[in-house]
Participant: 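My questions all concern the structure below.
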Amino acid sequence: MILTCDKARWYEDSEGFWAAFRTRDRASAAKIAEQMDGAWVVEARKQPRRRSLDANAYLWVLLDKLAAALGQTKEELYRGFIREIGVFRDFHLAPEEAATFEVAWSRLGTGWVTEQVDYTRDGEQVVIRAYYGSSQYNTKQMTRLIRSVAEECKAQGIETMTPEELAGLMDRRQAV
């Protein structure tokens, strides 16, 4: 059986080393967990290259300059741009579950924000839009985010990289 995983982590405790893999295929993950008895050989594929850490650093430099110009915090601005870029997922939740979900989601990071956007058709549940922080962005999404911040910086008279310099920055990738 082949299970495609998009993220993995490992942990260590007194019993040994543990590997956890994230997948969107619930049935296959459950089947593999049930069958895991004895030794397994796992072959890992190399992950695609991810955006540069330099790009993330540049984003925060721009946000810091913009925050000073606008009299806001860089975190507030960041969350606003995260909403503008709009990498999100909608969740349908019972009203009593929504507040707990929103708190848990926000603990994933600074850019992990939520908002109630609607009710389900039957009116029984609320629709919570949960935005992913830029740590989950691919290169194209990160480029859109940085360009959006850079455009606002230019509007405020803050110097930014040229489009060519930005393209070069985004091309420098770090293997995961």
Side-chain angles (χ1 to χ4, degrees), residues 3-36 42 44-45 47-53 55-64 66-67 70-149 152 174-176:
L3 178 65
T4 302
C5 299
D6 58 3
K7 195 167 194 175
R9 293 189 178 162
W10 69 275
Y11 306 92
E12 180 181 0
D13 67 12
S14 61
E15 295 181 34
F17 298 96
W18 299 81
F21 303 95
R22 185 176 73 186
T23 182
R24 299 197 185 281
D25 186 352
R26 182 185 187 123
S28 294
K31 188 173 183 180
I32 287 173
E34 289 172 6
Q35 294 175 357
M36 291 197 78
V42 178
R45 293 183 298 167
Q47 287 285 342
R49 297 168 72 91
R50 295 181 65 174
R51 62 181 167 80
S52 164
L53 292 178
N56 192 57
Y58 181 60
L59 170 69
W60 286 99
V61 166
L62 291 180
L63 287 167
D64 197 41
L66 191 57
L70 297 176
Q72 296 180 14
T73 69
K74 60 187 172 187
E75 292 80 11
E76 290 170 325
L77 290 170
Y78 174 66
R79 286 188 283 270
F81 283 106
I82 289 293
R83 281 187 174 101
E84 180 184 311
I85 296 303
V87 180
F88 63 86
R89 179 175 173 196
D90 287 342
F91 292 88
H92 298 190
L93 303 168
E96 60 273 9
E97 297 172 331
T100 302
F101 173 81
E102 289 175 324
V103 168
W105 189 267
S106 70
R107 289 185 178 163
L108 294 171
T110 304
W112 296 72
V113 293
T114 60
E115 60 188 354
Q116 181 178 332
V117 294
D118 210 344
Y119 294 90
T120 55
R121 189 175 289 237
D122 61 11
E124 301 270 327
Q125 295 183 315
V126 294
V127 179
I128 301 296
R129 181 156 292 162
Y131 294 87
Y132 294 94
S134 63
S135 62
Q136 300 302 303
Y137 283 16
N138 62 30
T139 300
K140 288 181 182 182
Q141 293 163 337
M142 191 67 177
T143 299
R144 279 198 334 257
L145 177 61
I146 292 175
R147 283 191 179 141
S148 184
V149 173
E152 184 61 29
Q174 170 185 322
V176 173

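All values below come from the heavy atoms of this structure, side chains included, with hydrogens, waters and symmetry mates left out. Not measured: the values here are computed from a predicted model.
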Participant: Can you tell me how far apart CZ (F81) and CG (L62) are? Round to the nearest 0.5 Å.
Facilitator: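 Answer for the CZ-CG pair, F81 versus L62, is 9.5 Å.
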Participant: CG/D90 to CD/E115 distance, rounded to the nearest 0.5 angstrom?
Facilitator: 9.0 Å
Participant: Search all heavy atoms of A98 against all heavy atoms of V126 and return the closest pair with its distance.
Facilitator: CB-CG2, 3.7 Å
Participant: Quick one: CG on L77 to CD1 on I82, what's the gap to the nearest 0.5 Å?
Facilitator: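 So the CG of L77 and the CD1 of I82 are separated by 12.0 Å.
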Participant: To the nearest 0.5 Å, tell me how far L59 CG sits from L145 CG.
Facilitator: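 It is 5.0 Å, given to the nearest 0.5 Å.
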Participant: Output, in order, the C-alpha distance, side-chain angles, deciding distance and verdict of side chain to side chain contact (heavy atoms under 4.5 Å, CB included) for T100 and E97.
Facilitator: CA-CA 6 Å; T100 302; E97 297 172 331; 5.8 Å; no
Participant: Parallel, tilted or perpendicular: which one describes the rings of W60 and Y78, with boundaries at 30° and 60°?
Facilitator: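 Rings of W60 and Y78: tilted, as their planes differ by 30° to 60°.
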Participant: For T139, does its backbone N or O pair with a side-chain atom of T143 as donor and acceptor, under 3.5 Å?
Facilitator: yes
Participant: Looking only at atom types and distance, does a side-chain atom of T110 sit under 3.5 Å from a main-chain N or O of E75, one as donor and one as acceptor?
Facilitator: no
Participant: When you compare the side chain of Y137 with that of N56, does any pair of heavy atoms fall below 4.5 Å?
Facilitator: no
Participant: To the nearest 0.5 Å, how far apart are CG in L63 and CD in Q72?
Facilitator: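 Rounded to the nearest 0.5 Å, the CG-CD separation comes out at 10.5 Å.
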Participant: Classify the ring geometry of F91 against F101: parallel below 30°, tilted from 30° to 60°, perpendicular beyond 60°.
Facilitator: tilted
Participant: Atom CD in Q125, atom OG1 in T120: separation rounded to 0.5 Å?
Facilitator: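 Answer for the CD-OG1 pair, Q125 versus T120, is 5.0 Å.
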Participant: Do any N or O atoms from the side chain of E152 and from the backbone of V149 form a donor-acceptor pair under 3.5 angstrom?
Facilitator: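 Answer holds: no.
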Participant: S134 and M142: which non-hydrogen atoms are nearest, and at how many Å?
Facilitator: CB-SD, 4.0 Å
Participant: Just to verify, which of Y131, Y132, F88 counts as forming a ring-ring contact (aromatic ring centres under 6.0 Å, His included) with W105?
Facilitator: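 With W105 as partner, ring-ring contact (aromatic ring centres under 6.0 Å, His included) holds for just one option, Y132.
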Participant: Evaluate whether atom CZ of R147 has more than 12 neighbouring non-hydrogen atoms of other residues, nucleotides or ligands under 6.0 angstrom away.
Facilitator: no
Participant: For T114 and R83, work out which heavy atoms get closest and say how close.
Facilitator: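 Here T114 and R83 meet closest at O-NH2, 3.3 Å.
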